[in-house]
Enquirer: 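Quick one: the structure is below, and I'll ask about it shortly.
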Amino acid sequence: MSADSTLVAPSSGCATTSQPEILRQRGQREVFCGLTGIIWLHRKMQDAFFLVVGSRTCAHLLQSAAGVMIFAEPRFATAIIEERDLAGMADCQDELDRIVDRLLVRRPEIRTLFLVGSCPSEVIKLDLGKAAQRLGVKFGGRTRILNYSGSGIETTFTEGEDACLTSLVPEMPAASAAEAQNLLVIGALPDIVEDQFRRLFTELGIATVDFLPAKRMADLPKVGPNTVFLLAQPFLTETTGALQRRGAKRLDALFPFGAEGTTDWLRAAAEAFGVDRIHFNRVVAPGRERAKRAIAHCRDRLEGKRITFLPDSQLELPLARFLATELGMVPVEVGTPYLNRELNARELALLPAATRLSEGQDVDLQLDRVRADRPDLTVCGLGLANPLEAEGLSTKWAIELVFSPIHGFEQAGDLAELFARPLRRRDILRV
Ligand code: SF4
């Protein structure tokens, strides 16, 4: 198969309707809040600092989600706001100013400081937008001060990254209509994956490529009417809107998971830059073939196995598409916290028609469906994995898929392996 062949839905029935049925549920949900994104964002943006304005619960969440000893100076912290009435809020603003003062005097290398909102009522009363403006005037020229919300009331898990990147878009310098077309890749990627993609774009002859977020936040890429962008992550709805309002155009593509998703994603960029098709095939074919060979190692273990995704990271749809089209798995239910049909249209079209799609969560009803379906593998949050394992159902922690490098050709085999491992463990335990 050549690199420009098109992907077709599994023969179990392709999604022929443009608007598949979706089960919408609004009840108790078991998902991390948007503060979790700080764990991967602080590693990526090496001259930024995340100051969570929150409670002890927020501090505990960050500390346990980080789950590692910090040997260097940390790049995130929590300013704990204790219970106060409205009269005490002015002191709160002063206290926040004092904390930021102390931090920036001690850490002059910080170039961007994010004030991150959370959900305790004291924090909601505090206007972090105004605080960022006020502090921005004071430290302007030296440290950019921005704010966004990672509150569990407003955001789930990966939406924290969306909110963070959205806050950066107004800061990006304007590119004029006279400037040459440039490509932006949007969404935090591990450095190793970013470097691999950069090499592929260079080989394709696309020279003006920037990543958001970049390793150094001091140099934000330009955006304007000649900017086109590829989403590396499916959960960036607000960032997409903000970039489009600045004139940039989104390139429609599958997300870069697996051999076919990555090929399709690169092809969208190649077409936008008029890259010759033969040259595209020549550049992409070796990586694509390596990815297919790596994926094939897991095929025996995964083919025909039934899988359910509980709503967690918003990666569920593209991952289910990858497993169905490239490994022959059968997605029974694919749940997602929010479904952006436009960003996921290509993914939806490739899911088997029999797959149940759900948006939002009512956790008890969802667990009832898992028990009735008894899939071979359930991808879910940490809190649900243990009870399901106790009932004899194999699980995969959704958070691992967010923390592991899974994008692109070179990671395709590891991505397949992440799903094969729990099934192998189950088989060993049964023996
Ligand atoms: Fe909990 Fe809200 Fe803090 Fe998240 S932001 S840790 S949900 S209190």
Side-chain angles (χ1 to χ4, degrees), residues 25-43 45 48-68 70 74-86 88-89 92-93 95-96 99-100 103 113-132 145-167 188 235-238 310-315 335-338 360-364 366 380-385 397-400 402-403:
Q25 302 217 296
R26 295 281 176 265
Q28 193 193 331
R29 59 187 192 187
E30 298 272 337
V31 191
F32 283 124
C33 66
L35 292 189
T36 331
I38 293 172
I39 304 305
W40 62 87
L41 290 171
H42 91 276
R43 287 188 191 136
M45 308 181 199
F49 193 97
F50 294 81
L51 183 64
V52 176
V53 185
S55 63
R56 289 184 197 283
T57 314
C58 309
H60 284 307
L61 171 91
L62 279 179
Q63 212 53 56
S64 50
V68 287
I70 297 165
R75 285 197 295 273
F76 63 87
T78 310
I80 293 171
I81 303 286
E82 303 285 11
E83 238 177 75
R84 277 167 222 240
D85 54 22
L86 272 175
M89 295 316 289
C92 237
Q93 298 277 9
E95 205 170 305
L96 183 60
I99 290 171
V100 171
L103 175 69
L113 173 66
F114 292 99
L115 302 177
V116 189
S118 59
C119 43
S121 52
E122 294 71 35
V123 178
I124 293 171
K125 286 178 229 155
L126 202 62
D127 189 337
L128 286 185
K130 280 221 175 86
I145 308 209
L146 302 174
N147 78 293
Y148 73 89
S149 173
S151 150
I153 300 168
E154 294 164 73
T155 60
T156 68
F157 199 12
T158 48
E159 282 181 291
E161 177 175 335
D162 192 20
C164 174
L165 298 191
T166 304
S167 77
F235 44 76
L236 299 173
T237 297
E238 298 301 322
L310 268 49
D312 205 281
S313 62
Q314 295 190 54
L315 291 170
T336 179
Y338 297 103
Q361 192 171 44
D362 189 325
V363 73
D364 289 329
Q366 183 135 48
C380 59
L382 299 170
L384 296 176
W397 291 353
I399 198 165
E400 250 189 284
V402 178
F403 283 106

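Owing to the predicted nature of the structure, the values given are computational and were not obtained by experimental measurement. In each ligand, atom 1 is the first atom listed, and ligand 1 is the first ligand listed.
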Enquirer: Taking salt bridge (Lys or Arg N to Asp or Glu O under 4.0 Å) as the test, write out the residues that go with D127, two or more places apart.
Expert: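 With neighbours one apart ignored, the set is K130.
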Enquirer: Residues two or more places apart in sequence or in another chain: which of them pass side-chain contact (heavy atoms from CB on, under 4.5 Å) with T237?
Expert: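 In terms of side-chain contact (heavy atoms from CB on, under 4.5 Å), with neighbours along the sequence ignored, T237 is linked to D162, N340, L343.
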Enquirer: Just jot down the side-chain contact (heavy atoms from CB on, under 4.5 Å) partners of T155, sequence neighbours excluded, or say none.
Expert: E159
Enquirer: Applying the ring pair (Phe, Tyr, Trp, His ring centres under 6.0 Å) criterion to F403, which one of W397, F157, W40 satisfies it?
Expert: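 Exactly one candidate clears the test, W40.
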Enquirer: Taking the side chain as every heavy atom from C-beta outward, state whether P337 and Q314 have any pair of such atoms under 4.5 Å apart.
Expert: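 A side-chain contact under 4.5 Å exists here.
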Enquirer: Can you count the protein N/O/S atoms lying under 2.8 Å from atom 4 (Fe) of ligand 1, leaving waters out?
Expert: 1
Enquirer: Please evaluate residues H42 and F50 with respect to the criterion ring pair (Phe, Tyr, Trp, His ring centres under 6.0 Å), reporting the C-alpha separation (whole Å), side-chain torsions for both, the decisive distance (0.1 Å), and the verdict.
Expert: CA-CA 7 Å; H42 91 276; F50 294 81; 7.3 Å; no
